[in-house]
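For reference, the structure discussed in these notes is given below.
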Amino acid sequence: MEQNPEQNNEVVENQNTTNHKVANQHVDSRIAAVRDLIFGENIQQYDSEFAEVYDKIKKLQEEHHKDLAEAVHNIENKLSDLESLVDHKFQDLNDDLEKKLADLDDEKTDRRKLGKALEKIAQMLQA
């Protein structure tokens with residue numbers, strides 16, 4: 001049986017992929033050997049120390065996120081309290097203003113009554 005060109009290409013690609021994997025494994029093992037020569041048995045110690053450092057960094061990040069969320073919550077509460085206080089003060093000022101305006105209206109009304117009373121007195125005196 002004769003293979004068609006497409007099948008030949010697949011076979012060649014499979015061989016290239018296999019050769020590439022073998023070459024990568026060979027390079028990886030050489031790198032590992034060099035690493036072991038340089039660092040020796042200390043590599044496991046370095047790995048554990050790096051893992052501890054990463055864990056500490058993660059823990060600190062979580063604490064900072066928690067602190068930040070708490071600070072935001074406190075600021076929101078203080079803003080809400082300030083808003084309530086300002087609203088209350090504005091309402092008090094508005095009530096005071098309305099009272100003053102009512103007092104002024106009463107004074108004007110009293111002046112009108114006084115004017116009318118004086119007119120009546122003047123009319124009685126003329127009569």
Side-chain angles (χ1 to χ4, degrees):
M1 279 205 282
E2 197 173 302
Q3 293 182 344
N4 64 27
E6 289 179 9
Q7 289 175 338
N8 285 339
N9 287 340
E10 288 179 18
V11 169
V12 170
E13 285 179 17
N14 287 339
Q15 288 174 349
N16 287 341
T17 303
T18 304
N19 290 340
H20 186 66
K21 287 181 182 177
V22 169
N24 282 342
Q25 289 174 352
H26 183 66
V27 170
D28 288 344
S29 65
R30 289 170 61 192
I31 291 173
V34 170
R35 184 186 67 210
D36 288 342
L37 282 174
I38 293 172
F39 297 109
E41 294 178 7
N42 294 336
I43 193 70
Q44 291 177 350
Q45 181 183 356
Y46 295 145
D47 286 342
S48 67
E49 287 177 6
F50 280 124
E52 289 175 16
V53 169
Y54 288 132
D55 289 342
K56 287 179 183 178
I57 289 171
K58 186 174 181 179
K59 182 179 175 183
L60 287 172
Q61 284 177 335
E62 289 172 357
E63 287 176 9
H64 287 294
H65 286 294
K66 180 183 172 187
D67 291 344
L68 181 61
E70 186 177 325
V72 167
H73 181 71
N74 289 338
I75 289 172
E76 287 174 346
N77 287 342
K78 290 195 182 279
L79 283 173
S80 177
D81 292 345
L82 180 61
E83 183 180 13
S84 297
L85 179 66
V86 168
D87 284 345
H88 182 71
K89 291 292 182 181
F90 276 135
Q91 186 62 42
D92 287 348
L93 289 172
N94 192 28
D95 292 345
D96 288 345
L97 181 62
E98 287 178 4
K99 184 179 176 187
K100 298 274 183 189
L101 288 173
D103 289 345
L104 285 175
D105 285 342
D106 287 345
E107 287 178 18
K108 287 180 184 178
T109 304
D110 290 344
R111 288 182 187 168
R112 288 185 187 139
K113 286 181 182 178
L114 181 60
K116 288 182 182 180
L118 288 174
E119 285 178 6
K120 283 185 183 179
I121 291 173
Q123 287 175 359
M124 290 170 126
L125 289 174
Q126 287 179 357

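- Atom CD in E63 sits 13.5 Å away from atom CG in L68 (nearest 0.5 Å).
- Residues Y54 and Y46 share a hydrophobic cluster, clusters being chains of Ile/Leu/Val/Met/Phe/Trp/Tyr side chains in contact below 4.5 Å.
- Residues V86 and L82 meet the side-chain proximity criterion, which asks for heavy atoms closer than 4.5 Å.
- With hydrogens and angles disregarded, a donor-acceptor distance shorter than 3.5 Å links the side chain of S84 to the backbone of S80.
- Here the NZ-CG distance, from K116 to L118, works out to 12.5 Å after rounding to the nearest 0.5 Å.
- Two residues are said to be in side-chain contact when any heavy atoms from C-beta on lie closer than 4.5 Å; N94 and E98 meet this criterion.
- For the 3.5 Å distance criterion, the side chains of Q91 and D87 fail to qualify, holding no donor opposite an acceptor.
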After noting the C-alpha distance and the side-chain angles of L60 and H64, does the key distance pass the side-chain contact (heavy atoms from CB on, under 4.5 Å) rule?
-> CA-CA 6 Å; L60 287 172; H64 287 294; 4.3 Å; yes
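- Between the side chains of Q45 and E49, at least one donor N or O lies within less than 3.5 Å of an accepting N or O.
- Interatomic distance, D92 CG to K89 NZ, rounded to the nearest 0.5 Å: 6.5 Å.
- With rounding to the nearest 0.5 angstrom, the CG atom of L97 is 12.5 Å from the CZ atom of F90.
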